[in-house]
Amino acid sequence: MRIMHLALAALLGLGSALTAHAETPVLRIAVLKFGTVNWLMETVTRNGLDRAEGYRLEVIGLAGSPATTIAFQSGDADMIVKDWIWALRQREGGADVRFSPYSTALGALMTRGDVSGLCELKGRRIGIVGGKLDKSWLLFQARARSECGFELAEVADEVLFGAPPLMSRQLDTGDVDAVSTFWHWAARMEAGGKTRMLGVTPTMASLGIDPAPAFIGFVWDTGTVDAGLSGAFLKSVAAARRLLLTDDAAWEPLRKRMKADDEKTFTLLRDRFREGIPPDWTPEATDAAARLHAMLISEAPPAFRKQAGTFDPAVFSTH
């Protein structure tokens with residue numbers, strides 16, 4: 001009889017554990033398989049920061065940005081990492097999407113050290129990562145228009161577009177004189193001896209956008225993710241950021257994922273990531289985002305205006 005009671009108790013205990021596990025909410029986030037957001041997501045899961053907030057984080061690594069967008073819009077993912085301009089377009093289409101900043105780290109204009117200023121790019125060859133409507137490239141053009149009095153894309157000897165590795169090699173070989181690239185590629189190039197000529201954040205400041213608002217963030221739809229789950233996710237992310245900001249040891253498990261070939265590259269990637277950890281979003285940040293949106297609408301090509309959406313400050317409300 002005692003054996004039966006023990007067996008029954010064990011089964012009841014197992015059933016309770018399975019029920020509790022089944023009831024744990026899951027948040028699925030679709031990300032670029034090799035994107036830097038994985039450093040943060042791995043820190044959340046490795047340290048159990050999701051479970052500490054009562055949910056389980058499932059990271060879906062995909063090959064490209066279009067794939068993450070499709071996963072989100074098809075309902076295969078609850079959240080993605082996008083810029084708030086994309087989120088505004090979704091709101092304009094009727095979706096109640098929200099945005100919370102992921103990073104303030106933005107692109108940079110890199111050279112071999114032989115070009116000292118933006119105005120010196122006249123007659124030079126420029127490589128661009130991200131396409132003609134890349135926000136960094138649009139902002140560099142706006143600054144050249146303001147400070148140099150010319151259209152950078154028109155006075156350059158040639159403007160080439162390509163992926164980060166290709167543009168990095170083009171700068172190495174001298175086929176281009178400057179490259180506008182993503183922040184983490186800029187850090188790798190800097191570790192390899194290239195010069196960071198100009199960053200996007202000071203470019204925004206020179207154009208009257210200060211404080212520089214985070215462009216990239218976590219985006220979700222309140223119709224599918226309730227406030228409790230999104231709030232738990234953001235709390236776990238905040239805890240992971242604090243860990244990465246203050247504890248060098250927290251970076252050691254990320255070395256392989258970061259693909260840093262040497263200590264200098266590893267350190268620069270770590271430090272640039274830390275510099276990009278965003279402060280709490282404030283009304284001032286919303287005002288800056290509104291000014292940035294208006295400036296891009298007025299100065300960017302028509303193709304960008306079509307995709308920019310109407311500015312709606314509600315996109316920055318996380319409740």
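As the structure is a computational prediction, the values presented were derived from the model and not from experiment.
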Please check: side-chain N/O of [X] versus main-chain N/O of [Y], any donor-acceptor pairing under 3.5 Å?
{"X": "R89", "Y": "A308", "result": "no"}
{"X": "D83", "Y": "I85", "result": "yes"}
{"X": "T267", "Y": "K264", "result": "no"}
{"X": "T222", "Y": "D96", "result": "yes"}
{"X": "D312", "Y": "L88", "result": "no"}
{"X": "D50", "Y": "T45", "result": "no"}
{"X": "R112", "Y": "V176", "result": "yes"}
{"X": "S103", "Y": "G276", "result": "yes"}
{"X": "R274", "Y": "L244", "result": "yes"}
{"X": "D247", "Y": "L243", "result": "no"}

Is it true that [Y] and [X] share a donor-acceptor pair across their side chains at a distance under 3.5 Å?
{"X": "T224", "Y": "D221", "value": "no"}
{"X": "S236", "Y": "E53", "value": "no"}
{"X": "E299", "Y": "Q141", "value": "no"}
{"X": "S116", "Y": "E120", "value": "yes"}
{"X": "T286", "Y": "W281", "value": "yes"}

Name all pairs fulfilling the disulfide (SG to SG under 2.5 Å) condition that reach into [range], sequence neighbours left out, sorted by first residue then second.
{"range": "residues 272-319", "value": "none"}
{"range": "residues 31-100", "value": "none"}
{"range": "residues 28-145", "value": "C119-C148"}
{"range": "residues 280-319", "value": "none"}

[X] versus [Y]: any side-chain heavy-atom pair under 4.5 Å?
{"X": "V81", "Y": "V219", "answer": "no"}
{"X": "K82", "Y": "S65", "answer": "yes"}
{"X": "L32", "Y": "L62", "answer": "no"}
{"X": "L296", "Y": "R305", "answer": "no"}

Salt-bridged, [X] to [Y], with N to O below 4.0 Å?
{"X": "E147", "Y": "R143", "value": "yes"}
{"X": "R255", "Y": "E263", "value": "yes"}
{"X": "E158", "Y": "R124", "value": "no"}

- Would you find more than 12 non-hydrogen atoms of other residues, nucleotides or ligands less than 6.0 Å from D261 atom CG?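 No, not enclosed.
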- Message: Using the rule given for side-chain contact (heavy atoms from CB on, under 4.5 Å), can you reason through T111 versus L121, listing the C-alpha separation, both sets of side-chain angles and the distance that settles it, and then say yes or no?
- Response: CA-CA 10 Å; T111 73; L121 289 177; 5.5 Å; no
- Message: Distance check, rounded to the nearest 0.5 Å: F140 atom CZ versus L152 atom CG?
- Response: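 Nearest 0.5 Å value for the CZ-CG distance: 10.0 Å.
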- Message: According to ring-ring contact (aromatic ring centres under 6.0 Å, His included), does anything in residues 215-241 pair up with another residue at least two apart or in another chain? List the pairs.
- Response: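 Listed by first then second residue: W84-F215, Y102-F218, F218-F233.
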- I would like to know whether D175 and R125 meet salt bridge (charged side-chain N to carboxylate O under 4.0 Å, His left out); could you show each step before the answer? CA-CA 7 Å; D175 289 324; R125 290 163 62 88; 5.4 Å; no
- Message: Go through it in stages, so that I can follow the logic: the residues are T104 and T201, the test is side-chain contact (heavy atoms from CB on, under 4.5 Å), and I'd like the CA-CA distance, side-chain angles, deciding distance and then a yes or no.
- Response: CA-CA 8 Å; T104 60; T201 296; 5.7 Å; no
- Query: Taking all non-hydrogen atoms of both residues, which atom of T310 and which atom of H293 are closest, and how far apart?
  - Reply: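 Smallest heavy-atom distance, with atoms named: C-CE1, 4.3 Å.
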Could you pull out all donor-acceptor pairs under 3.5 Å where a side-chain atom in residues 161-169 meets a protein atom, sequence neighbours excluded?
none

- Task: Just say parallel, tilted or perpendicular for the rings of F273 and W39, cut-offs at 30° and 60°.
- Result: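 It falls in the tilted class, 30° to 60°.
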- Task: Find out whether the Lys NZ or Arg CZ of R98 is both under 6.0 angstrom from the six-membered ring centre of F316 and within 45° of the ring's axis.
- Result: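 Ring-cation test returns no.
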